[in-house]
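What follows is a short report on a single structure.
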Amino acid sequence: MKGTHEGDWIRACKGGAPACSNFDYGGPLTEMVLLGMIAIRVPNQRLEWDGPNMQISNHAGANELVTPVFRDGWKL
């Protein structure tokens, strides 16, 4: 598995160098991409992201997109 994504992950699990897809990199990247999707759904608005509190501080409608409401019987 040398040179594969899976091999990179296994090496990191065994105490080797961190995987190239580690959460220190992947977490902020995912947050940025998802916030970009919210910005597309709320055009022509300046959205202020409060990272520590995981919310958009200046737009209630956009903030509703951060944590969607699930149908009865469904949850995360």
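Proximity of a side-chain donor or acceptor of Asn63 to a complementary backbone N or O of Ser57 within less than 3.5 Å is not detected. Asn58 places a side-chain N or O within 3.5 Å of a backbone atom of Glu48 that can act as its donor or acceptor partner.
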| message | Apply side-chain hydrogen bond (donor to acceptor under 3.5 Å, both in side chains) to residues Trp49 and Glu31 and explain how you reach the verdict. | response | CA-CA 10 Å; Trp49 179 241; Glu31 184 176 319; 2.7 Å; yes
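Side-chain contact check for Val42 versus His59: some heavy-atom pair is nearer than 4.5 Å. In this structure the side chain of Pro52 reaches within 4.5 angstrom of the side chain of Asp50, judged on heavy atoms. Two residues are said to be in side-chain contact when any heavy atoms from C-beta on lie closer than 4.5 Å; Ile38 and Arg41 fail this criterion.
With values rounded to the nearest 0.5 angstrom, Thr30 atom OG1 is found 10.5 Å from Leu35 atom CG. The OG1 atom of Thr67 lies 9.5 Å from the CD atom of Gln55; values are rounded to the nearest 0.5 Å.
Taking every heavy atom of both residues into account, Asp8 and Pro18 meet most closely at OD1-O, 4.5 Å. Ala19 approaches Ala12 most closely through the heavy-atom pair N-CB, 3.5 Å.
Note on Phe23: it does not cluster hydrophobically with Trp9, by side-chain heavy-atom contacts below 4.5 Å among ILVMFWY residues. No path of Ile, Leu, Val, Met, Phe, Trp and Tyr side chains, each step under 4.5 Å between heavy atoms, connects Leu34 with Leu29, placing them in separate hydrophobic clusters. A continuous path of hydrophobic side-chain contacts links Tyr25 to Val33 [ILVMFWY only; heavy atoms under 4.5 Å].
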